[in-house]
Amino acid sequence: MDLQVQFGLRVKELRLKIGLSQEALAYKAGIDRTYMTGVETGKRNVSAKNMDKIIKALELPVPEFFNSQIFI
């Protein structure tokens with residue numbers, strides 16, 4: 001599975017787990033909602049800077065974000 005798709009699946013998984021809409025997560029991360037849709041569907045090549053914004057908006061440490069079966 002492509003890393004972009006894996007990242008997007010993990011974002012969606014965690015977003016749903018904490019009960020946020022795409023719009024709410026995008027707002028919290030300071031990015032556009034349509035960009036967030038592209039991230040979650042694996043259609044966006046997310047920069048390290050935007051990865052950091054999204055992971056911080058999910059209120060997780062980076063290692064915890066990547067500690068998932070999705071990335072194996």
Side-chain angles (χ1 to χ4, degrees):
M1 188 181 324
D2 183 272
L3 182 58
Q4 287 174 208
V5 173
Q6 292 170 310
F7 184 83
L9 288 173
R10 182 67 169 152
V11 169
K12 184 175 183 177
E13 171 190 34
L14 293 168
R15 175 181 64 76
L16 293 174
K17 185 177 180 180
I18 61 175
L20 286 178
S21 66
Q22 273 186 352
E23 186 174 12
L25 180 58
Y27 179 79
K28 198 171 175 184
I31 59 177
D32 190 81
R33 183 201 51 80
T34 59
Y35 183 88
M36 184 62 72
T37 300
V39 169
E40 286 193 3
T41 58
K43 295 179 181 171
R44 285 283 185 171
N45 187 9
V46 185
S47 69
K49 183 177 180 177
N50 283 337
M51 280 185 186
D52 186 55
K53 287 180 179 182
I54 293 167
I55 294 169
K56 283 181 179 172
L58 290 166
E59 299 180 10
L60 288 174
V62 173
E64 188 176 329
F65 178 88
F66 287 102
N67 186 19
S68 169
Q69 291 294 320
I70 289 173
F71 297 106
I72 295 178

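From a predicted model like this one, the values you see are computed outputs, not experimental measurements.
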With sequence neighbours excluded, what pairs up with [X] under the side-chain hydrogen bond (donor to acceptor under 3.5 Å, both in side chains) test?
X	answer
Thr34	Asp32
Asn45	none
Thr37	Gln22
Arg44	none

task: Indicate the atoms forming the closest heavy-atom contact of Ile54 with Leu25, along with that distance.
output: O-CD1, 4.4 Å
- request: List the atom of Ser21, the atom of Ala24, and the distance in Å for their closest heavy-atom pair.
  value: OG-N, 2.9 Å
- prompt: Tell me, which pairs form a side-chain hydrogen bond (donor to acceptor under 3.5 Å, both in side chains) where one or both residues lie in residues 57-72, sequence neighbours left out?
  reply: Lys28-Glu59
task: Check side chain to side chain contact (heavy atoms under 4.5 Å, CB included) between Gln6 and all other residues, then give those that pass, not counting sequence neighbours.
output: Met1, Leu3, Ile70, Phe71
field: side chain to side chain contact (heavy atoms under 4.5 Å, CB included) involving Lys53 - partner list, sequence neighbours excluded
entry: Ala29, Ile31, Lys49, Asn50
query: So how far is it from Leu14 CG to Ile55 CD1, rounded to the nearest 0.5 Å?
result: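 Leu14 atom CG to Ile55 atom CD1 measures 9.0 Å (nearest 0.5 Å).
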- request: Please collect all salt bridge (Lys or Arg N to Asp or Glu O under 4.0 Å) contacts where either partner lies in residues 4-22, sequence neighbours excluded, each pair once.
  value: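 Those involving residues 4-22 are Arg10-Glu13, Arg15-Glu40.
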message: Applying salt bridge (Lys or Arg N to Asp or Glu O under 4.0 Å), can you list everything that pairs with Lys43, at least two apart in sequence or on another chain?
response: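 Not a single residue meets the salt bridge (Lys or Arg N to Asp or Glu O under 4.0 Å) criterion with Lys43.
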Residue pairs fulfilling ring-ring contact (aromatic ring centres under 6.0 Å, His included) with at least one residue in residues 7-33, sequence neighbours excluded: Phe7-Phe65
message: Would a single hydrophobic cluster contain both Met36 and Leu16, if residues Ile, Leu, Val, Met, Phe, Trp and Tyr are joined by side-chain heavy-atom contacts under 4.5 Å?
response: no
